[in-house]
Structure formats: structure tokens, C-alpha cells
Amino acid sequence: MKTFYKDYCGSYSITEHDDGTATLKCRNNANNNLDVNKKYKSVMCAKRALSRYCDGMPTKQY
């Protein structure tokens with residue numbers, strides 16, 4: 001399952017894998033480059049990292 005987030009700095013996605021791990025991808029609005037592409041042990045760990053990266057949790061997109 002893939003969840004998308006967005007704020008004024010960029011867009012982000014967290015992809016949950018079958019084995020319980022999650023991948024966090026972050027794109028910057030200024031140059032649209034992929035800034036972060038990291039794998040975490042769980043979705044919760046990826047959300048915590050996203051929150052630290054953005055100085056707060058960005059808005060979830062539907």
C-alpha cells in the first residue's frame with residue numbers, strides 16, 4: 001500500500017511492503033529531485049523519519 005503526503009516543501013510517499021518494511025521517498029518542490037529514498041523496518045519508523053525530515057507531519061493526500 002502506498003500513502004502520499006504533501007506540504008509546502010515537497011511531496012512524500014511511504015510504501016508498505018509484504019514483509020512489514022516500508023520505503024520513504026521524498027521529492028523537493030524546488031528542483032523535483034528525489035532527495036530521500038530509504039527503507040525502514042516498519043511504517044511507523046518511516047512516519048517518524050518523515051516527521052523529523054519535515055519538522056512536523058505533512059498533510060496526507062487521498
**Study point:** Nearest-0.5 Å distance, OG of residue Ser42 to CZ of residue Arg48
**Key:** 6.5 Å

Point to revise | side chain to side chain contact (heavy atoms under 4.5 Å, CB included) partners for Lys39, two or more places apart | key: His17, Thr21, Thr23

Practice item. Please round to the nearest 0.5 Å and tell me the distance separating atom OG1 of Thr59 and atom CZ of Phe4. Key: 15.0 Å

Study note, to complete from the structure: Residues joined to Tyr5 in its hydrophobic cluster, side chain to side chain under 4.5 Å directly or through other members, sorted by chain and number, are Tyr12, Ile14, Leu24, Val36, Tyr40, Val43, Leu50, Tyr53, Met57

**Study point:** Those residues that, when tested against Asn31, pass side chain to side chain contact (heavy atoms under 4.5 Å, CB included) (two or more places apart)
**Key:** Asn28, Asn33

Practice item. Determine the minimum heavy-atom distance between Leu34 and Lys25, stating which atoms define it. Key: CD1-CB, 4.0 Å

